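Reading through the structure tokens given below for one structure.
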Amino acid sequence: MNFCVTTPIYYINGDPHIGHAYASIAADIIARFKRLDGYTVHFSTGTDEHGVKVARSAENVGMDTHHFSNIMSQKFRDLSRAINLSEDDFIRTTEERHKKSAQTFWKLLEKDIYKSIYSGWYSARDEEYVPENEIVDGKAPSGAPVEWMEEESYFFKLSAYQDKLLEHYEKYPDFIGPNARRNEVISFVKSGLKDLSISRSKFNWGIPIPDSDGHVMYVWIDALANYITSLGFPENKEYVSQMMENCVHVVGKEILRFHAVYWPAFLMSAGITLPKRVFAHGWWTCDKEKMSKSVGNVVDPFYIIQNYGLDQLRYFLFREVRFGEDGDFSEEALKNRILYDLANDLGNLVQRVLAFIQKFGGHLTVNYDFSDQERILFANAKNLVSRMRSQIEKQDLHGALNTVWNLVSESNKFTNDMRPWELVKTDVSRLNAVLTVLCESIRSIAFGIAPFMPDTARKIFNFMNVEGKSFDEIENNFIDQKFVELSPLFPKEK
RNA sequence: CGCGGGGUGGAGCAGUCUGGUGGCUCGUCAGGCUCAUAACCUGAAGGUCGGAGGUUCAAAUCCUCCCCCCGCAACCA
């Protein structure tokens, strides 16, 4: 079975920050879960490199635009490595394959494209059009003066797709998530769609429009088309549609409209299948303040990983806040999660159980002759993944992590109740049953956290001599399993 | 009257449709237990459920009005 998941492609006008890491890790978690669940996955990410802002940034630092793009794009590639991203493709919009794809895509849209005049308030200093509602006292937010400007532009007949889009939202209630965002999009479309200006002639750092001198594509089509470029478009249109049908786009809430309105309209026009779902994540504040360069509180993912660890960060981002809502980042909160959830709950559970087995030779003698209490925990361990599956299906990553931690807590409580340190002296057969259940539970937990914390899961798998390659393994039982030397998962001393 | 979401112990939320001991997670305090990087158990403190009025034997929940916060409101990746 096929599955496709994407991150937005990141605009290279600034350095990567925690928000980029957040979206990427979210998509990565989904991709890893699906792979463990037996799907053939295509997971793509990349960089969006065209547009006047990039050209101007390059100019500002006295760099050739291509060279500048290479350097900036590499920073995002470095981030992908730093956060242990399992992407199948890292796409750059400046690549030749994308130029070909975007231009072919444009041609498919041509029946809905016409030439007209684009007009708006233009700030010469910023070299960009300023939206009406952002103009204060006749000036751009930057304080630059604006003037009414008109230029020739190609337009896409978005207005023709209003009803079709509404029908689609109606027919596929899961097309947009979370629900609150879905309402916003629907009300936006209902309020009436205007045609979309999709070309620019004032700059040339972009993909040229086929057979048209001087016009380059404006971001909408160039950037959005990355998703099908990555799937091999324009080759193999059949495969592209098939993957799109099972595709989840993870996006930031600020770009939801492009993905939930423009993109599906383009795809309808081009005759390509629409994605299954577009999910908008929220934003992080830092210590309750909006992150901004001027305030200097932008969270640097490289710094956090260096100081607190990668899996720790990956865990925190999805346990602290419900995916889809805004959240607050603080080192204090991160430290607490690491101490209480990771070291005390999970780390200690693994330690107390496996160390106990180590103490008596590192060999588990299985006993599946369970008491009622043992049977309950065993069942919960066995169906952990199926409970998570329905949550991951809805991108409820936070809920899925809670599901895992419920099992962690249950296992800790079970250990307290069963008192294996006493059973070892009184009832070895009972002890073996208790340890068997605990080991099954820990193994399930390792699978449960694997998409979120791949390195930590790997450590646990190694302790227990488990392959850890597929959820199918959970069906296999332990037989006289030999365990290897262990060490604390999340040591408290640094 | 542009559309939508929300205001519940220190924090974050559930409960509101289908009125009737106000609950969950975390945090705070006291005690118990202890194999382990400890967890768990028991008990305690802490809320006029945004405000006012109304319906009712009974309102967080139904009705009316008001206040406040947050999204969206098209060229912002």
Side-chain angles (χ1 to χ4, degrees), chain A residues 7-14 19-20 23 47-51 53-54 93 118 120-121 128-134 141 153 155-156 158 178-198 200 218-220 222-224 226 251-259 261-262 280 282-283 288 319-322 325-328 333 336-360 402 405-406 408-424 431 487-493:
Chain A
T7 77
I9 49 173
Y10 303 115
Y11 202 53
I12 57 170
N13 207 29
H20 299 109
T47 45
D48 178 17
E49 308 183 16
H50 289 131
K53 285 186 184 176
V54 169
T93 54
Y118 178 72
W121 292 102
E128 65 186 7
Y129 284 92
V130 180
E132 189 91 41
N133 62 341
E134 279 181 24
S153 166
F155 283 77
F156 175 79
L158 185 64
N179 278 334
R181 298 286 160 206
R182 177 171 180 268
N183 294 341
E184 285 179 6
V185 170
I186 290 174
S187 102
F188 172 77
V189 174
K190 274 188 179 160
S191 75
L193 294 177
K194 290 192 278 187
D195 290 349
L196 211 56
S197 163
I198 52 172
R200 283 292 180 274
Y218 206 35
V219 286
W220 318 135
D222 176 357
L224 287 165
N226 95 82
V251 303
K253 64 180 181 180
E254 76 283 4
I255 55 171
L256 176 62
R257 192 199 313 141
F258 309 132
H259 287 80
V261 180
Y262 305 165
W283 287 346
K288 300 282 183 187
R319 184 75 200 281
E320 185 73 2
V321 171
R322 181 166 293 283
E325 288 175 15
D326 293 346
D328 182 59
N336 283 339
R337 287 291 179 189
I338 292 170
L339 176 62
Y340 294 111
D341 296 1
L342 296 181
N344 290 355
D345 289 348
L346 174 62
N348 187 55
L349 171 69
V350 171
Q351 188 75 12
R352 73 197 299 201
V353 173
L354 300 192
F356 190 89
I357 294 171
Q358 282 300 338
K359 203 159 134 189
F360 297 97
N402 279 338
W405 251 257
N406 284 341
V408 171
S409 294
E410 251 182 286
S411 302
N412 269 321
K413 179 167 160 46
F414 175 85
T415 310
N416 291 340
D417 292 347
M418 303 312 268
R419 309 174 77 79
W421 55 93
E422 286 179 8
L423 288 176
V424 73
L431 172 69
S487 56
L489 292 176
F490 300 96
K492 285 183 184 174
E493 275 117 353

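Residue numbers begin at 1 in each chain, while the letters A, B, ... track the order of the sequences. Keep in mind it's a predicted model, so treat the numbers as computed, not measured. When reading the values below, keep in mind they use all heavy atoms of this one structure, side chains included, and skip hydrogens, waters and symmetry mates.
- Contact annotation: side chain of A/N412 to base of B/rA39, donor-acceptor pair absent below 3.5 Å.
- Going from atom CZ of A/R182 over to atom P of B/rG71 covers 22 Å, rounded to whole Å.
- Checking A/N402 against A/R322 by side-chain atom types alone, no donor-acceptor pair falls below 3.5 Å.
- A/F188 is linked by a ring-ring contact (aromatic ring centres under 6.0 Å, His included) to nothing, counting only residues two or more places apart in sequence or in another chain.
- Residues A/Y129 and A/Y118 place their aromatic rings such that the two centres sit under 6.0 Å apart.
- In this structure, A/P420 reaches neither bases nor backbone, as no heavy-atom distance under 4.0 Å exists between it and the strands shown.
- Under the 6.0 Å cut-off for aromatic ring centres, A/W220 and A/F258 qualify, their centroids lying closer than that.
- Applying the Watson-Crick and G-U wobble criteria (two distances, each under 3.5 Å), B/rA11 pairs with B/rU25.
- Atom name P, nucleotides B/rA60 and B/rC49: the rounded distance is 7 Å, in whole Å.
- B/rG54 and B/rA44 are spaced 39 Å apart, taking the C1' atom of each and rounding to whole Å.
- Going from atom CZ of A/F490 over to atom P of B/rA36 covers 21 Å, rounded to whole Å.
- The nucleotide B/rC65 finds its pairing partner in B/rG51, both defining distances of the Watson-Crick or G-U wobble pair being shorter than 3.5 Å.
- Donor-acceptor pairing under 3.5 Å, judged by distance alone, is absent between the side chain of A/N183 and the base of B/rC3.
- Rounded to whole Å, the separation between the P atoms of B/rU48 and B/rC63 comes to 25 Å.
- Judged by atom type and distance alone, A/N348 does not reach the base of B/rA39 through any side-chain donor-acceptor pair under 3.5 Å.
- Comparing the same atom, P, in B/rA14 and in B/rC62 gives a spacing of 16 Å after rounding to whole Å.
- Pair assignment for B/rG2: B/rC72, on the basis of Watson-Crick or G-U wobble contacts that are both within less than 3.5 Å.
- For the P atom pair drawn from B/rU8 and B/rC70, the interatomic distance equals 15 Å after rounding to whole Å.
- Going from atom CG of A/L193 over to atom C1' of B/rA74 covers 9 Å, rounded to whole Å.
- In this entry the distance linking CD of A/E320 with P of B/rG27 reads 12 Å, nearest Å.
- Rounded to a whole angstrom, the distance from the C1' atom of B/rA52 to that of B/rC67 is 10 Å.
- Across the C1' atoms, B/rC76 and B/rG19 are found 47 Å apart, a figure rounded to whole Å.
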